[in-house]
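One structure is given here, and the rest of the page talks about it.
Scope of the values below: all heavy atoms of this structure, side chains included, with no hydrogens, waters or symmetry mates. Lettering follows sequence order; numbering is per chain, from 1. Just so it is clear, the model here is predicted, and its values are computed rather than measured.
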Protein chains: 2
Amino acid sequence: MRTDGDEVYPALAVSLSLSVASKTRQELIETGGNLCRRVGLPRSLGQIYGLLFLSNKPLTLEDIAAGLDISKASASVGTRQLASWGAVRQVWVPGSRRDYFEAIPEVAALLRKAYRDIVKPRLEAVQGRVEHLRTLLTEEREKGVIEAEEFEFCRSRLQILARFQKSLLSFAPWVDRFL
Amino acid sequence: MRTDGDEVYPALAVSLSLSVASKTRQELIETGGNLCRRVGLPRSLGQIYGLLFLSNKPLTLEDIAAGLDISKASASVGTRQLASWGAVRQVWVPGSRRDYFEAIPEVAALLRKAYRDIVKPRLEAVQGRVEHLRTLLTEEREKGVIEAEEFEFCRSRLQILARFQKSLLSFAPWVDRFL
DNA sequence: CACACCGTTCAATACGAATTGAACGAAGTA
DNA sequence: TACTTCGTTCAATTCGTATTGAACGGTGTG
């Protein structure tokens with residue numbers, strides 16, 4: 001962790017209450033980070049979730065920053081992002097006025113939610129987009145921008161797309177049933 | 001397109017045989033690019049596929065570079081990548097010694113292939129990873145790095161993960177049936 | 001055999017996005 | 001009211017990686 005203000009001890013996560021850096025935790029954090037990076041998400045998200053996922057007790061922002069050696073800022077925005085996705089919960093600890101976080105371990109539920117809240121809406125957006133393209137194409141045909149043959153070709157191609165994402169949308173119930 | 005060698009005409013895709021830049025094509029290219037970027041892939045891939053997808057006839061690397069205003073190099077690596085995924089096919093055109101490309105429009109089949117060749121193997125890799133973590137954890141327990149309580153906690157958490165991706169893997173047949 | 005044409009490669013660059021440090025505000029504490 | 005303690009914000013920086021330009025090799029052509 002990089003403290004703001006002056007340094008105390010050179011990067012020793014001394015205040016961290018959990019058994020510092022077991023290899024297991026370390027590796028889960030790493031794979032979590034990689035997993036995120038691969039999907040185009042900030043690696044810190046996966047790391048934070050991984051850290052919390054193997055944490056006995058809720059952790060503070062400082063714990064997280066220290067445990068992952070990232071800045072307090074990153075920890076802040078990261079936890080907020082995760083919380084907005086329901087992957088992390090902010091818990092109240094009576095004595096302290098810090099924010100404590102814990103992972104929500106129901107991974108399957110998280111994935112289901114992700115599908116409903118992110119993938120599916122986006123698919124529907126794409127659906128609208130394809131429709132738009134189809135009307136656009138016929139317009140251009142009427143204006144004579146495109147010749148008949150090419151028009152027909154494009155039309156069939158767009159139809160393929162339309163059919164495709166309709167079948168993708170029909171996935172939704174199956175996803176729900178499975179997870 | 002930025003030609004190597006000297007310029008001829010200021011960026012007019014004059015040699016491009018398809019009806020230059022219909023709005024429809026334009027937009028599909030754009031959404032294809034965005035789609036890729038969102039998933040963490042180079043946008044040029046989506047653009048190339050989009051261009052070819054609405055193309056009557058096979059296109060050369062130069063056509064692609066010109067049509068998308070990207071470098072010949074990008075077009076080259078992009079088409080190769082797409083071809084390696086089976087999203088694009090290199091066709092032989094008798095008269096010319098250039099490489100011609102056309103899109104493979106069976107999007108559903110492409111997705112199925114992507115699942116089998118990319119997602120599923122990766123899931124299996126993750127499975128191995130989780131197993132590794134579990135043995136690692138018990139090792140650490142035996143060495144006394146972790147106390148009993150925390151060990152039990154982590155163990156249950158890892159088990160959640162294991163169950164989760166096992167159910168993910170059981171998806172495979174369903175994916176095949178659906179697309 | 002020289003020459004033009006094409007696709008590939010690779011080091012350099014450009015670009016987007018994640019991460020950071022410092023400043024700030026809110027809320028407790030003495 | 002001065003002084004910590006925390007979390008947030010935002011401009012600046014860093015970092016990964018997509019993209020490019022130039023050089024190269026290979027293959028037909030005159």
Side-chain angles (χ1 to χ4, degrees), chain A residues 1-8 11 15 29 32-49 51 58-84 88 90-101, chain B residues 1-8 11 15 29 32-49 51 58-84 88 90-101:
Chain A
M1 154 179 163
R2 284 73 147 185
T3 104
D4 46 349
D6 31 11
E7 309 248 339
V8 189
S15 73
I29 290 172
N34 292 341
L35 212 67
C36 274
R37 207 166 40 101
R38 204 179 291 276
V39 194
L41 265 53
R43 86 179 320 146
S44 58
L45 291 186
Q47 298 183 139
I48 294 175
Y49 186 75
L51 177 62
L59 299 184
T60 71
L61 282 187
E62 289 219 7
D63 291 336
I64 296 173
L68 301 177
D69 190 49
I70 63 179
S71 72
K72 207 177 39 166
S74 285
S76 177
V77 307
T79 49
R80 192 139 40 100
Q81 178 78 284
L82 288 173
S84 83
V88 144
Q90 181 169 354
V91 304
W92 226 88
V93 169
S96 171
R97 51 190 181 81
R98 307 193 196 197
D99 296 349
Y100 284 82
F101 295 92
Chain B
M1 158 182 160
R2 285 74 148 184
T3 105
D4 48 347
D6 30 12
E7 309 246 340
V8 190
S15 74
I29 290 172
N34 292 341
L35 211 67
C36 275
R37 207 166 42 99
R38 204 178 292 274
V39 194
L41 266 54
R43 82 180 322 145
S44 59
L45 291 185
Q47 299 184 140
I48 295 175
Y49 186 75
L51 176 64
L59 299 184
T60 70
L61 281 187
E62 290 220 7
D63 291 335
I64 295 173
L68 301 177
D69 191 50
I70 63 178
S71 72
K72 207 176 39 166
S74 285
S76 177
V77 306
T79 49
R80 192 140 42 99
Q81 178 77 283
L82 288 174
S84 83
V88 144
Q90 181 168 355
V91 304
W92 227 87
V93 169
S96 170
R97 50 188 180 82
R98 308 196 198 196
D99 295 349
Y100 285 82
F101 294 92

Could you grab the distance from atom [atom1] of [X] to atom [atom2] of [Y], nearest 0.5 Å is fine?
X       : Y       : atom1 : atom2 : answer
B:Ser76 : B:Ile70 : OG    : CD1   : 10.0 Å
A:Ile48 : A:Leu51 : CD1   : CG    : 8.5 Å
B:Asp99 : B:Arg80 : CG    : CZ    : 10.5 Å
A:Arg43 : A:Arg38 : CZ    : CZ    : 11.0 Å
A:Asp69 : A:Gln47 : CG    : CD    : 9.5 Å
A:Ser71 : A:Leu61 : OG    : CG    : 10.5 Å

Taking only the side-chain heavy atoms of [X] (C-beta and beyond), determine which of [options] contains the nearest atom.
X       : options               : result
B:Val77 : C:dT20, D:dT9, C:dT9  : C:dT9
B:Ser76 : C:dC6, D:dC10, C:dT8  : C:dT8
B:Ile70 : C:dC6, D:dT20, C:dT20 : D:dT20
A:Arg80 : C:dG7, D:dT9, C:dT20  : D:dT9

Rounded to whole Å, please give me the gap between [atom1] in [X] and [atom2] in [N].
X        : N      : atom1 : atom2 : result
B:Ile64  : C:dC6  : CD1   : P     : 14 Å
B:Arg38  : C:dA17 : CZ    : P     : 10 Å
B:Leu68  : D:dT19 : CG    : C1'   : 13 Å
A:Gln81  : D:dT8  : CD    : C1'   : 15 Å
B:Asp99  : D:dT27 : CG    : P     : 13 Å
A:Leu82  : C:dA18 : CG    : P     : 13 Å
A:Phe101 : D:dG7  : CZ    : P     : 8 Å
B:Asp63  : C:dC5  : CG    : P     : 16 Å

> Looking only at heavy atoms, what is the nearest atom pair of B:Gly46 and B:Cys36, with distance?
Replying inline: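 Nearest pair, atom of B:Gly46 first, then B:Cys36: N-SG, 3.3 Å.
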
>> If I compare all heavy atoms of A:Leu82 with all of A:Tyr49, which pair ends up nearest, and what's the gap?
In response: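 Distance-wise, the nearest heavy atoms are CD1-N, 4.0 Å.
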
> Does the C:dG7 base have a donor-acceptor partner in the side chain of B:Lys72 within less than 3.5 Å?
Replying inline: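 Flag set: donor-acceptor pair detected.
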
> Where each residue is assigned the nucleotide of DNA chain D containing its nearest heavy atom, which of A:Gln90 and B:Ala73 is assigned the position nearer the 5′ end?
Replying inline: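 Going by which nucleotide is closer to the 5' end, it is A:Gln90.
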
Every protein N/O lying under 3.5 Å from an N/O of nucleotides 25-30 of chain C:
none

> Counting N and O atoms only, with roles assigned by atom type, does the side chain of B:Thr79 sit under 3.5 Å from a partner on the main chain of B:Ala75, one being a donor and the other an acceptor?
Replying inline: yes

> Can you name the side chain to side chain donor-acceptor pair (under 3.5 Å) partners of A:Thr60, sequence neighbours left out?
Replying inline: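 Side chain to side chain donor-acceptor pair (under 3.5 Å) check on A:Thr60 returns A:Asp63.
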
List every contact pair, protein side and nucleotides 16-18 of chain D side both N or O, where the distance is under 3.5 Å.
from, atom 1, to, atom 2, distance (Å)
D:dT17, OP1, A:Arg37, NH1, 3.2

> Has A:Ser74 got a side-chain N or O lying under 4.0 Å from the OP1 or OP2 atom of C:dT20?
Replying inline: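 Yes, within the criterion.
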
